[in-house]
Amino acid sequence: MINYGHFIGGKSFTGDENRYGHVLQPMDGTVRARVALASTKDVQAAVESAKAAQPAWAATNPQRRARVLMKFLQLVERHNDELAEILAREHGKTIADAKGDILRGVEVVEFSIGAPHLLKGEFTDNAGPGIDLYSMRQPLGVVAGITPFNFPAMIPLWKAGPAIASGNAFILKPSERAPGVPLRLAELFFEAGLPAGIFNVINGDKEAVDAILDHHDIKAIGFVGSTPIAKYIYSRGTLNGKRVHCFGGAKNHLVVMPDADMDQVTNALIGAGYGSAGERCMAVSVAVPVGEDTANELMKRLVPKVEQLKIGPSTDSTADYGPLVTRDHLEKVLSYVSFGLEEGAELAVDGRGFKMQGYEKGFYLGGCLFDRVKPDMRIYKDEIFGPVLSVVRTTKYEDALALCNDHEYGNGVSIFTRDGDAARDFASKVQVGMVGINVPIPVPLAYYTFGGWKASSFGDLNQHGPDAFRFYTKTKTVTSRWPSGVKEGASFVMPTMS
Ligand code: NAD
């Protein structure tokens with residue numbers, strides 16, 4: 001069995017051996033690894049190492065910092081197959097999907113290579129007599145990222161790329177359910193020439209998280225995970241005076257207008273609803289057809305496609321999606337299927353009987369499709385995070401828009417239509433952070449920012465894009481007078497340029 005520890009100061013670190021968890025292999029239900037769960041003392045060791053290394057890294061010019069990231073990217077490319085295999089084995093997603101997970105993280109590191117440009121300040125010549133005014137962006141010091149199980153490569157890199165490129169030292173607390181890739185990324189950063197202590201990995205649970213939240217020397221925390229934990233981290237972290245932004249859960253709607261291309265809609269819903277077993281924060285979990293005819297046509301097309309989904313072990317390159325992450329999570333998703341039935345929704349496709357031959361202990365669930373779901377049902381209100389799609393029928397566009405706006409979550413949303421007026425109105429009025437027009441998963445590219453609204457996000461500034469550089473730096477403004485010898489008497493009024 002693999003034994004995962006931590007990565008501190010450029011090497012693996014065992015730490016407190018009394019607390020540990022198990023990392024499962026979802027495709028066959030076996031235990032793949034033992035993972036150390038850090039104590040407060042272990043977190044302290046990571047902070048000390050990060051704090052000692054950070055000033056020299058901040059003093060390294062941004063171009064040289066960027067070169068280390070370039071070297072890191074070459075190593076990630078060289079080890080792409082190995083990383084994808086670890087990721088698929090611990091998460092359950094297919095290898096092809098795991099490569100997408102890595103690539104979306106890589107793109108943010110590529111963007112971060114632009115640090116010399118992104119960190120530039122502003123300058124005003126002659127703001128007053130002999131006075132120049134300028135601003136600069138400086139790193140915060142030691143910063144941390146706390147990340148979820150569902151993107152073990154992408155989200156750690158979304159945090160680490162901008163943080164490191166800005167001159168901070170970074171402590172990652174990844175999900176204890178999939179720690180293999182984050183640890184491997186730490187080794188690759190070090191191999192690429194990143195100084196010891198600049199990228200550290202602390203594996204752990206609530207104890208490690210609380211130690212991060214309470215540590216005086218950690219200046220900022222970027223969190224991604226479920227909404228209840230996001231709220232907790234935001235409130236405790238900000239109470240402790242830290243800069244915190246937290247990205248939480250989601251319930252993403254896809255509105256189907258009567259004029260939409262129904263082939264395109266069906267494929268979009270199948271891919272975005274069931275890809276990665278629905279374990280994506282941008283997965284579409286609610287289809288909202290406008291009009292009875294649209295709904296009937298949609299169901300006619302969706303049902304056979306859901307029934308034909310190919311579910312397989314993560315190593316099967318022909319599978320559409322793999323198992324769920326753990327048995328507990330599978331049980332939770334199954335309980336939602338039962339709630340839906342109890343509350344009166346119509347289960348048009350029931351995937352509960354699915355068995356994967358040769359992998360009977362894996363955490364598989366066939367695609368489930370609910371029709372005639374109502375807004376007061378739990379399967380509509382809650383994030384299920386599984387291969388379960390709900391269809392909520394509406395009669396007109398305004399009702400579909402109101403449905404999206406009234407939902408507690410506001411991460412992603414899409415509209416499928418050929419009508420430019422409707423699309424434009426929707427993009428303008430919908431109360432959701434990321435909008436797709438004839439695009440089912442509108443994850444912005446690395447040079448834009450990523451973030452939801454309402455209960456999907458807490459705090460200011462989004463992830464990646466220019467916001468990430470603002471989040472991981474503080475601005476200093478300097479007012480200077482040269483030549484310094486301008487003679488002036490003491491002034492007791494507020495300085496102005498009049
Ligand atoms: P999670 O909230 O269970 O865990 C996230 C992190 O918080 C992990 O590192 C975990 O160890 C830690 N954690 C868990 N319980 C804790 C507690 N009681 N106290 C302190 N720390 C705790 O989330 P998950 O199940 O790993 O990931 C799935 C969730 O993440 C979904 O809700 C999904 O929508 C969300 N997500 C959101 C985004 C986004 O950008 N909005 C992206 C990906 C995933």
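Each ligand, and each atom within it, is numbered from 1 in the order the structure gives. It should be emphasised that the depicted structure is a prediction, and the values quoted were computed from it without experimental measurement.
- Ion pairing of Glu90 with Arg32 is present here, as a side-chain N (NZ or NE/NH1/NH2) and a carboxylate O approach within less than 4.0 Å.
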- request: Determine, stepwise, if the pair Leu213 / Tyr232 fulfils side-chain contact (heavy atoms from CB on, under 4.5 Å).
  value: CA-CA 10 Å; Leu213 288 169; Tyr232 168 70; 3.8 Å; yes
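- Arg393 and Asp371 are joined by a salt bridge, as a carboxylate oxygen and a charged side-chain nitrogen come within less than 4.0 angstrom of each other.
- Every residue meeting the side-chain hydrogen bond (donor to acceptor under 3.5 Å, both in side chains) condition with Asp42, not counting sequence neighbours, appears here in chain and number order: Ser39.
- Residue contacts with ligand 1, taken as heavy atom pairs separated by less than 4.0 Å, do not involve Asp210 at all.
- Of the protein's non-hydrogen atoms, the one nearest atom 36 (N) of ligand 1 is Cys281 CB, 3.6 Å.
- Nearest protein heavy-atom contact of atom 44 (C) of ligand 1 is Asn150 OD1, 3.2 Å.
- Nearest to atom 37 (C) of ligand 1 by heavy atom, out of Gly451, Gly248, Ser456, is Gly248.
- Across Thr227, Ile229, Val443, Thr326, heavy-atom proximity to atom 22 (C) of ligand 1 is greatest for Ile229.
- Which parts of ligand 1 touch Phe247 is read off a 4.0 Å heavy-atom cut-off, strictly below it: atoms 39 (C), 40 (O), 41 (N).
- For His253 and Tyr409, the side-chain atoms include no donor-acceptor pair closer than 3.5 Å.
- Polar contact with ligand 1: present for Glu176 (N/O pair, distance under 3.5 Å).
- Considering only heavy atoms from C-beta on, Tyr380 comes within 4.5 Å of His407 through its side chain.
- Close approach of ligand 1 to Ile155 is summarised as follows: ligand atoms under 4.0 Å from at least one heavy atom of the residue are 42 (C), 43 (C).
- With respect to atom 2 (O) of ligand 1, the closest heavy atom belonging to the protein is Ser226 OG, 2.6 Å.
- Residue nearest to atom 35 (C) of ligand 1, selected from Ser457, Gly225, Pro148, Gly249: Gly225 (by heavy-atom distance).
- Among protein heavy atoms, the minimum distance from atom 26 (O) of ligand 1 is reached at Phe149 N, 3.0 Å.
- Those atoms of ligand 1 with a heavy atom of Val224 less than 4.0 angstrom away are 5 (C), 36 (N), 37 (C), 38 (C), 39 (C), 40 (O), 42 (C), 43 (C), 44 (C).
- A salt bridge between Asp376 and Lys374 is absent, with no side-chain N of the basic residue lying under 4.0 Å from a carboxylate O of the acidic one.
- Scanning all protein heavy atoms for the shortest distance to atom 25 (O) of ligand 1 gives Arg177 NH2, 2.7 Å.
- Minimum heavy-atom separation, Gly9 to Ala196: O-CB, 3.3 Å.
- Contacts between Gln463 and ligand 1 below 4.0 angstrom, taking non-hydrogen atoms only, involve the side chain exclusively.
- Within the 3.5 Å criterion, the main-chain N or O of Asp382 finds a donor-acceptor partner in the side chain of Lys251.
- Distance check on atom 4 (O) of ligand 1: every protein heavy atom falls at or beyond the 4.0 Å cut-off.
- Look at Lys51 and Glu48 and you find no salt bridge, because none of the NZ, NE, NH1 or NH2 atoms lies under 4.0 Å from a carboxylate O.
- Applying the 4.0 Å criterion to heavy atoms of Asn411 picks out, from ligand 1, the atoms 41 (N).
- Considering backbone and side-chain atoms together, Phe223 places no N or O closer than 3.5 Å to any N or O of ligand 1.
- Classified by interplanar angle (parallel below 30°, tilted 30° to 60°, perpendicular above 60°), the ring pair His329/Phe385 is perpendicular.
- Not a single heavy atom of His329 sits under 4.0 Å from any atom of ligand 1.
- For ligand 1, the atoms closer than 4.0 angstrom to any heavy atom of Lys173 are 8 (C), 9 (O), 10 (C), 11 (O).
- Taking 4.0 Å as the cut-off between side-chain N and carboxylate O, Lys99 and Asp81 count as a salt-bridged pair.
- Protein heavy atom nearest atom 19 (N) of ligand 1, with residue, atom name and distance: Lys206 CG, 3.5 Å.
- At a 4.0 Å heavy-atom cut-off, ligand 1 does not touch Ala230 at all.
- When hydrogens are left out, the protein atom nearest atom 8 (C) of ligand 1 is Thr147 O, 3.3 Å; that is the closest non-hydrogen contact.
- In Asp205, neither the side chain nor the backbone holds a heavy atom less than 4.0 Å from any atom of ligand 1.
- Side-chain contact, Asn150 with Lys93: no donor N or O sits under 3.5 Å from an acceptor N or O.
- A distance of 6.0 Å or more separates the ring centres of His91 and Phe151.
- For ligand 1, the atoms closer than 4.0 angstrom to any heavy atom of Pro174 are 9 (O).
- Residues meeting the side-chain hydrogen bond (donor to acceptor under 3.5 Å, both in side chains) test with Thr30, sequence neighbours left out: Asp28.
- Summary of contacts: the protein heavy atom closest to atom 32 (O) of ligand 1 is Glu383 OE1, 2.6 Å.
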